[in-house]
Q: 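Supplied in structure tokens, the structure appears directly below.
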There are 2 protein chains.
Amino acid sequence: MSERGRPRTFDRTAALRRAMEVFWARGYEGASMSELTAAMGINSPSLYAAFGSKEALFLEATDFYSHTEGADIWLALEEAPTARQAIEQFLSLTARAYAQSDRPQGCLITLGALHQDSSRGAICDDLRRRRAENHTALQKRLERGVAEGELPADFDASAAATFFATVQHGMSIQARDGASHNALLATVAGAMAAWRTLAGGSAA
Amino acid sequence: MSERGRPRTFDRTAALRRAMEVFWARGYEGASMSELTAAMGINSPSLYAAFGSKEALFLEATDFYSHTEGADIWLALEEAPTARQAIEQFLSLTARAYAQSDRPQGCLITLGALHQDSSRGAICDDLRRRRAENHTALQKRLERGVAEGELPADFDASAAATFFATVQHGMSIQARDGASHNALLATVAGAMAAWRTLAGGSAA
DNA sequence: TCTTTTCTGTGTTGATCGATACATAATTAA
DNA sequence: TTAATTATGTATCGATCAACACAGAAAAGA
């Protein structure tokens, strides 16, 4: 218990959540420190004392995002009984999450920092790493489907994971354009329409 | 011929192309005026005299992009003999264009300005309008397939257009993550795997 | 109580943002 | 030649950026 000194007067986790929402709506470079401090309800020295820098705050915010907003989607992927249901749940939950009107549309990991820059290299690299982890999770789940006999032995789990991950990325932009939940489900239906062909045998 | 006054010493179209490349790589807000003027080989007063403002320059650059980089993809969509070939060409040409190593990866229209802001409303709206036009072009081509008997009468051209447009959007992010041409073609194959199911009858 | 430690609010830092003022150069029209 | 017009280069504008100096306030340990 290192409770020496004057105690913090704000809730660090609540402030982090506010920061996450600002980054989510504006992106890394679009979120100014003044907007962040205003949303977090603190002054900038408090922010720097608690989080270090804008970059460190963003990295912590994306981690928080992964453990809160993104958790159920990836949990469903693991827990669904079949690979097909896993992908369908994964995409359906994505559609629901991306269209919620009480928060920014689309995904922070996908949209947070797309444009590389000498001063933003670490940010881009971190998000890219998280997206790569997502691809790996999809691939592993599909490979489990092969191992369990649900999918044929020559099923290309990596290519299929790439496809479904790309669909999810596209849904972020679709959601940013104001797509409704139903419109996103149309994309999910399209992606799942590929399942029969992909799972049927060797890829065309 | 209004050739009064001192003539311009730089090629306006060449400078516009350079500006397009900077916006393409950095996004609207990530492209600074100093980077733009450096790439265009002119000083900032010349830029403002020739293009008006950063915002006007961006709008002109995206229009230039549509008429150059994006032209062949949408031309192929119209000219392919069947709707299926049209979509396949559309996606395959997208895969080729997005992975070219001698220019920024992905699409300027898709990635140029995703985060709304009070000061960037016109930019976002313009790109959103262009993306909506793309969706319309896909839908029209699919509806032609219905009219020509290639696709069933109950084919949902709007939903299918949404799906294929979303896949293309996702490919922009995939390309930004460094995906190879072959990796993008895996996504194309996935999307085309949905064709048989979508074209087969009523959507599931 | 007194020292140490940590947090908070005010005010400000140098750098960079997008955008111009101004004087000069280069061209056409008269 | 002269006046009118437009482009160029230098040097900056006020605003905003991320980040911090500093003094006072609030807690713990002695």
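All chains are named by letter (A, B, ...) in the order of the sequence lines, taking the proteins before the strands, and each is independently numbered beginning at 1.
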Q: When you measure from the centre of the six-membered ring of B:Tyr28, is the NZ or CZ of B:Lys54 under 6.0 Å away and within 45° of the axis?
A: yes
Q: Is the shortest side-chain N/O distance from A:Thr9 to OP1 or OP2 of C:dC7 below 4.0 Å?
A: no
Q: Less than 4.0 angstrom between a side-chain N/O of A:Asn43 and OP1 or OP2 of C:dT8, yes or no?
A: no
Q: Could you give me the CA-CA distance, side-chain angles and deciding distance for A:Leu127 and A:Phe58, then say whether side-chain contact (heavy atoms from CB on, under 4.5 Å) is met?
A: CA-CA 10 Å; A:Leu127 293 185; A:Phe58 181 83; 4.0 Å; yes
Q: What is the distance from CG of A:Leu36 to P of D:dT16, rounded to the nearest Å?
A: 16 Å
Q: Which whole-number value in Å describes the distance from A:Leu57 CG to D:dC20 C1'?
A: 17 Å
Q: To the nearest Å, how far apart are B:Met40 CE and D:dG9 C1'?
A: 16 Å
Q: Check this for me, if you would: do A:Arg26 and B:Glu29 make a salt bridge, where the nitrogen-to-carboxylate-oxygen distance has to be below 4.0 angstrom?
A: no
Q: Regarding B:Arg17 and B:Glu21, does a basic nitrogen lie under 4.0 Å from an acidic carboxylate oxygen?
A: no
Q: Between the protein and nucleotides 3-5 of chain D, list the N/O to N/O atom pairs that are separated by less than 3.5 angstrom.
A:
residue: D:dT5; atom: O4'; partner: B:Arg4; partner atom: NH2; Å: 3.4

Q: Rounded to the Å, how far apart are A:Asp117 CG and D:dA18 C1'?
A: 14 Å
Q: Please indicate whether B:Arg128 has more than 12 foreign heavy atoms, meaning atoms of other residues, nucleotides or ligands, lying under 6.0 Å from its CZ.
A: yes
Q: When you check every protein heavy atom under 4.0 Å of nucleotides 14-21 of chain C, what one-letter string (B, S, -) results, 5' to 3'?
A: ---SSBBB
Q: Salt bridge check: are A:Arg130 and A:Asp126 linked by an N-O gap of less than 4.0 Å?
A: yes
Q: Spell out, as yes or no, whether a donor-acceptor pair under 3.5 Å connects the side chain of A:Arg18 to the backbone of A:Ala39.
A: yes
Q: Figure out the CZ/C1' separation between A:Arg8 and D:dA27, and round it to whole Å.
A: 14 Å
Q: Could you tell me how the ring of B:Phe155 sits relative to the ring of B:Trp195: parallel (under 30°), tilted (30 to 60°) or perpendicular (over 60°)?
A: tilted
